[in-house]
Amino acid sequence: MSARLPDDPSHLPETLCAQGLGRIAAPYRDIVPPIHMASTYVRDHDGQLSGGRLYARDASPAYDQPEALLCALEEGQDALLFSSGTAAACAVFQTLRPGEKLVVPKIMYWGLRKWVRRFAAELGLVLVEYQNDDLDSLAQALAGQPPRLVWIETPANPTWELTDIAAASALAHAHGAYVAVDSTVATPVHTRPLNLGADIVMHSATKYLNGHSDLVAGALVTRENSPLWQQIRESRGMRGAILGPFEAWLLLRGMRTLHPRVRIASASAQAIAEFLAAHPGVEAVHYPGLPSDPAHAVARRQMENGFGGMLSFRVKGGAAAARRVAGKLRIFKEATSLGSVESLVEHRAPVEGPETTCPDDLLRLSIGIEAREDLIADLTQALAQSA
Ligand code: PLP
C-alpha cells in the first residue's frame with residue numbers, strides 16, 4: 001500500500017483542497033496534474049516495470065492525487081475511487097459470504113437499501129435492520145449471531161436521522177464487526193468518521209466531493225490496511241468498477257472548492273430550515289441544525305462547520321400540495337441527486353416507489369451556493385401559490 005499522508009501534514013484541509021495537495025509535476029511544473037489516459041504501461045528491456053504500473057484497472061496514476069487528497073481529508077491510510085457511489089458501497093457489501101450477518105439502518109439511500117435486500121436474499125446473508133438514531137435498537141440487532149459488518153449512513157437520506165458514529169462503532173467493535181459509514185451528505189467538512197472509530201468511510205463522490213452535477217463517481221477510505229480493505233482493493237481490480245481518468249481529474253478539480261461550497265450550502269440550509277420551520281404552510285422540517293430536531297444533540301457532537309446542505313420538509317395539505325410546491329419552484333430545479341452548486345428539489349416518495357419509508361408530502365431540498373435570499377424568495381412564492 002502506498003503512503004497516503006498529505007505532502008505536508010501540517011496544512012489544514014482548506015489548504016490541501018484548494019491546492020489539490022499542491023503537488024507540482026515534472027517536467028513542466030503544471031499547477032494542475034495532467035490527465036493520465038493510458039490503459040497500459042511499457043516494460044523496460046529487462047522486463048521490469050520501472051514506472052511501477054502494470055495496467056490501469058489495477059491502479060491508474062489518474063487516481064493518485066484525488067485518492068491521496070481524500071485520504072488526507074478523511075485522515076485515513078488508503079483510498080480507492082470507484083465508478084459510482086453504488087459501486088463503492090457494493091465493493092464493501094460484496095466482501096460478505098453466505099450465512100454472514102449484515103446490520104444496516106432502516107433509513108438509508110433507497111437505491112442501496114433495495115440492492116442490499118436483494119443481494120442479501122440471493123447470497124443467503126442474515127440481514128438485520130436497526131433504527132438509525134437508537135443505540136438500543138443497534139444493540140438488539142448485534143445480539144445473537146456475531147455480525148461481520150455494520151453499515152451506517154449519517155445524516156440518512158432523505159429524513160436526515162443521525163447515528164452516533166463513536167458510540168455505534170464501539171458497540172459494533174465489541175461484537176467483532178467492521179463499521180462502514182456512508183458519509184456522502186456529511187462530507188469530511190462536517191464529519192470524519194474514521195476519527196470517530198469507523199473502519200471505512202464511503203462517499204458517493206457524484207455529490208458534494210465533485211459538486212457540479214457533471215460526473216458519477218464513488219470513493220472508499222480506510223482507517224487501516226485491514227484484511228477487509230485488502231479484499232476490497234483486490235475486488236476493485238478484479239471486478240473492474242473503476243473510474244475513467246477524465247472523471248478522476250474532474251473529481252480532483254471539484255474537490256479543490258469542497259470547503260467553501262459545503263460551508264456556503266450548510267449556512268444557507270440552516271437559514272432555509274429556520275424559514276420553513278416558521279412558515280404556516282409547512283407541516284414539519286427535517287434538518288439536524290434545528291435545535292428542535294431529534295438529531296440535533298448528536299449533530300452538535302459529531303458535525304462541525306455547520307450541519308450540511310440537505311434538508312426535507314413536509315407540506316401542509318398532503319402529497320398533492322407537495323407536488324404543487326415542487327412544480328412552482330423556479331430557482332430550485334426539480335431533479336434527483338444532491339450536493340451540487342445548484343439547488344434541487346425532489347418529491348421523494350414517488351421516486352422511491354411502494355417500499356418507501358418517506359412520507360408522501362415530503363420535499364427534499366439540496367441547497368446549492370446561489371444567493372440565499374433568492375432561494376428563500378423562490379420557496380416563499382411557491383408555497384404562497386400552492387396554499
Ligand atoms: N449514498 C447516498 C447517501 C446517496 O444519496 C447516493 C445517491 O443518491 C448514493 C449513496 C449512491 O451514489 P451514486 O449515485 O454515485 O451511485
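Counting convention: from 1, in listed order, for ligands and their atoms alike. Only this structure's heavy atoms are used, side chains among them; waters, hydrogens and symmetry mates stay out. Residues: numbered from 1 along the sequence shown. Just so it is clear, the structure is predicted and the values come from calculations on it, not from any experiment.
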Checking Q94 now: which residues fulfil side chain to side chain contact (heavy atoms under 4.5 Å, CB included) with it, not counting sequence neighbours?
C90, W115, F119, R239
Among all residues two or more places apart in sequence or in another chain, which pass the side chain to side chain contact (heavy atoms under 4.5 Å, CB included) test with E234?
M238
Filter the ligand 1-protein atom pairs down to N or O on both sides and distance under 3.5 Å, then list them.
{"from": "ligand 1", "atom 1": "1 (N)", "to": "D182", "atom 2": "OD2", "distance (Å)": "2.7"}
{"from": "ligand 1", "atom 1": "5 (O)", "to": "N157", "atom 2": "ND2", "distance (Å)": "3.1"}
{"from": "ligand 1", "atom 1": "8 (O)", "to": "K207", "atom 2": "NZ", "distance (Å)": "2.9"}
{"from": "ligand 1", "atom 1": "12 (O)", "to": "S204", "atom 2": "OG", "distance (Å)": "3.1"}
{"from": "ligand 1", "atom 1": "15 (O)", "to": "G85", "atom 2": "N", "distance (Å)": "2.9"}
{"from": "ligand 1", "atom 1": "15 (O)", "to": "S204", "atom 2": "OG", "distance (Å)": "2.8"}
{"from": "ligand 1", "atom 1": "15 (O)", "to": "T206", "atom 2": "OG1", "distance (Å)": "2.6"}
{"from": "ligand 1", "atom 1": "16 (O)", "to": "G85", "atom 2": "N", "distance (Å)": "3.2"}
{"from": "ligand 1", "atom 1": "16 (O)", "to": "T86", "atom 2": "N", "distance (Å)": "2.8"}
{"from": "ligand 1", "atom 1": "16 (O)", "to": "T86", "atom 2": "OG1", "distance (Å)": "2.6"}

Side chains of E74 and H203: do they bring a donor and an acceptor to under 3.5 Å?
yes
Parallel, tilted or perpendicular for F307 and H296, by the 30°/60° rule?
tilted
Atom NZ of K106: over 12 foreign heavy atoms under 6.0 Å:
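Enclosed: over 12 neighbouring heavy atoms sit under 6.0 Å from NZ of K106.
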Residue pairs involving residues 349-358 (criterion side-chain hydrogen bond (donor to acceptor under 3.5 Å, both in side chains); sequence neighbours excluded)
R117-E355, R348-E352, E352-T356
